[in-house]
Amino acid sequence: DIFNKLRKEMKTRKELVKSAGYAALIIILGILTYITYNDYEKTIVAAQQQNMLGVSRAISRSIQLFVDDIKYSMKIITSDKEVIDNMPYIEQGKNIDFYNEKFKHYYDAEKKAIVNICMLDKNGKILIQYYEGKDSIDPGNKILETEIENAIRSKKTYIGMTYWNKTRDSFIFNIYEPIFDGKDFKGIISVTLSLDSIYDRLIAPVKIGEKGYAMVKDHYGTIIMHPVKEQVGMDVIETRKQVFPNLEYGELEELIKRQLMGREGTAVYHSYWWGDNDLKRVKKLNAYTPLQLGDHFWIVAITMSYDEIQGPINEFLWKILGIDIFIIAIVSIFISALIKMKRNKEELVKETEYLRMLNESSEQLRKKEAELYHSHKLKIIGTLAGGIAHDINNLLTPIMGYSELLLMRIPENSEYHEDVEEILKASQKGKELIEQILVFSRNDNESIKVEMVDVNQVMKETLKLIKAVLPKNVTLRENIEEGCGFIKANFTQIHQVIFNLCTNAYQAIKSEKGTVEIWLKTAGINEINDDRLQFMNKTYAEIIVKDTGCGMDEETKSRIFEPFYTTKTIGNGTGLGLFVVQSIIGKYGGVITVDSELGKGSCFKVYLPLEDIKSKSDKEKNDLITSCNNKRIMIVDDNREIIKVLKKYLEHLGYQVMAEESSSRALEVFRKNLEEIDLVITDYMMPEINGSCLAEEIKKIKQDAIVILITGFMDKNWKSINNCNVIDGYISKPVELKYLSEMIKKLLN
C-alpha cells in the first residue's frame, strides 16, 4: 500500500509538472505572439506612413516647382526689353495691342492655371489686364491692395495669400514680379492662379488606397484644395463644429495644431469620413508636409483609412496563431519524452551547451584579436608613411627653393634655364606624390585640387596618349589654336574629359576606316549658340571632337548623358563615361553639346570659361616689390637646409632675415627684438617647442605679431590645432617660394 501511494504521488507530481509545462508554453507563446503582432503592426503602420509622407513631399515639391516655373516665366516677361521700353506708351493708352499679344502667348501657354495677367505701374495703378472680364483684379479688394503695396515696397518677387473668388467659386492667389529698367523700378506684373487648376493637375491624379485622398490647407487651417468640393473653404475644426457639434474632435484638433506649426510629420488618429452621409468615428493614417510660399505656408496632407492596412495585419495574426498551434502540437509530442530522459542525459546536454558557449567565446576573442592586429598594423603603416612624407618634404623644400632661386637668377635664354625648370617640375611632382602619401597616413579622402590649368598643355598631353592607343584604321586630325589661356579646374579631370570624348569617337568608327578631328580655340559668348550661357559675359575655351562613326538616333542622343545608359554590349561599357564628362564640365561652369545623325557621325562641343590671370599676376608682382622694403622676418626651423634656402630667397626679395634653429632660443630673441621683427615663419614639428605653442607664446609677448606655420606632417585643416587663433597663415612642405612670398605680402599689408 505504501509503495502504491508513493507511486501515485510521483505520478501526480509528474502530471503537475507536465501541466505546468503546457501552461508555461502557452503563456510564452501568447506573449511572443502579442509582441510579434504588435511589432509587425508598428512596422506596417510606420512603413505606410513613410510612404504617405513621401507622397505628400512629392506633391509639395510638384506645387513648388509649378510656382517656380510660373515665377521664372514671369521673369522672362519682365526682362523683355520690348516690354520695358513700351511701358511709357501703355501709360498713355498706346501700344495696347503689343501687350495683348505678349500676354496672350503667355496666357495660352498656361491657360489651364492662369486666371488673369495684369500690369501695374510703380504706384500700383492698373495699366492693362489680360484676360479682362469676370476674372479681372478687383481694385476694391483689401487683400489685393495690401499685396500690391507689399510687392511695390519690396521690389522683389512676392507671393500673395489665397482668397476666395466668388465669381469662380474657388480659391485663387497672386504672384507679383517687379519690372526694372536697369536699376529704375518701373512697375509690377501680377499673375493670378487658380487652385482648382493646380489641384486637378498635380493632386487629383494621386490615389491613396480606396478611400484615401490628398488635401491642402493654408496656414490658418482653412481647406483650400479638397476632393470633395463642399469641403473647400471650411475651417478644419471650427466650421465642422458648427455643422456637426456633437462629434468628437480632440484627436483631430491635436493633429491640426501640429500641422499648423509648419513642420512635417505623421499621425494615427480618430476622425470621420466627411463625405459620407452617415458619419462614423474611424481610425485614420495621416502624413503632412509644409509648403513655404513667400511669407506664408500651405500644408499638404495625405489621409487614408487604417482599415486598409488592418486586413494584412490580421492575416498575419492568423498565420502566427496557426504556427503557435503547430508548435504546441509538436512540443506536446516531445514533452513526455523529455520528462522521461535521465539525469545523465541532462548533464550531457548542459556540458554540450557549455562547450558551445566556450567555443563561441573563443571565436569572438580570436576575431577581436585579428581586428586589433589589423587596426594596429594600419596605424603603424600610416605613421610610417606620414613620417617618410615628413622627411621627404624637408628634402624637397631646398630642392624646390634653390630651383626657384636659380630660375630667378638665370636668364630665360640661358642653356641651363630649361634644365633647372625640369628640376623644379620633378620636385613639384614629388610634392604631389607626398600629398597622396599624407592622405593615406591620415586615412581620409583628399579633396580635388583645383588650380589654373593651361588648356593647351592638357590638350597636348592628352593627344600624346590618344595617339598611342588610336587604331590604325582611324586618322587623327588636329586643329589646335596656340595660347588659348587658362581655366580654373583640376588638370586630371580635364584630361579625363578630352580622353573620354576621343575614346568614344574612335570606338564609334569601329572597324571601318574613319577620321577623328579635334579642335581647340577660344570663343566669345556671342559665338556660342547655347541658352545656358546667355547671361555670362566671358570668353570660353572651345573643345570640339568630331568623328565619322556610326552616329546616333534622336532617342540615343537624348539619353547619352544619363548614368548607366550605354549602347555597347554587356561587358564593353558601363554607361558612366559621358555622365562623368558632363558632371566634370558642369562643375567648372561649362557646358557640353552634341550634334549627331545616324550613319553620319557625331560632334561634341565643350565650352569651359577662361580666366584672366595675366593682369592679376602683374599687379601682385608689383605689389610684392613695393612691400618688401624695410621688413624684417624671423625664420625658426630645426632643419638648417630649409632655413638656408628660405633665408636666401627672402633676402633676394629684399627682406631682412634672421634665423634660429632652436625654438626656445627664437622665443628669447623675439622677446628682445619684438619691435624690430615684422613677421615670424616657424616649423610645426620641433624638438623643444612646437610651432603652434611657439606662436601662442609670441602672441602673448606681442598680440599683433604675424606668424606663419610651415609643416609637412599635418592635416591641411590647420585650424584644428589653432584653438587660440594664434596662426595667421599656413603653408605645407615642400614650400613653394612663390606662394610663400604671396602670403607674406598679403599678411604684411
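Quick caveat: nothing in here was measured; it's all calculated off a predicted structure. Worth knowing before you read on, the calculation uses all heavy atoms, side chains too, and leaves out hydrogens, waters and symmetry mates. All residue numbers in this chain count up from 1 along the given sequence.
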Result of checking L260, I223, T222 against V236 for side-chain contact (heavy atoms from CB on, under 4.5 Å): I223

Within-4.5 Å side-chain heavy-atom neighbours: L65 and D69: no

Spatial distance of atom CE (M304) from atom CE (M52) [nearest 0.5 Å]: 6.5 Å

Residues, nucleotides or ligands: over 12 heavy atoms within 6.0 Å of K280 NZ: no

Side chains of M552 and V594 in contact at under 4.5 Å (non-hydrogen atoms): yes

Any side-chain donor near an acceptor of the partner, R356 and N359, under 3.5 Å: no

Geometric class of the Y176/Y158 ring pair [parallel <30°, tilted 30-60°, perpendicular >60°]: tilted

Pairs flagged by side chain to side chain donor-acceptor pair (under 3.5 Å) wherever residues 38-55 is involved - sequence neighbours left out: E41-Y306

Check: E308 side chain, E210 main-chain N or O, donor-acceptor pair, under 3.5 Å: yes

Between T556 and D553: side-chain donor-acceptor atoms closer than 3.5 Å: yes

Side-chain ion pair, E251 and K283, N-O less than 4.0 Å: no

Aromatic centroids of H226 and Y199 separated by under 6.0 Å: no

Heavy-atom donor-acceptor pair, E147 side chain to M161 backbone, under 3.5 Å: yes

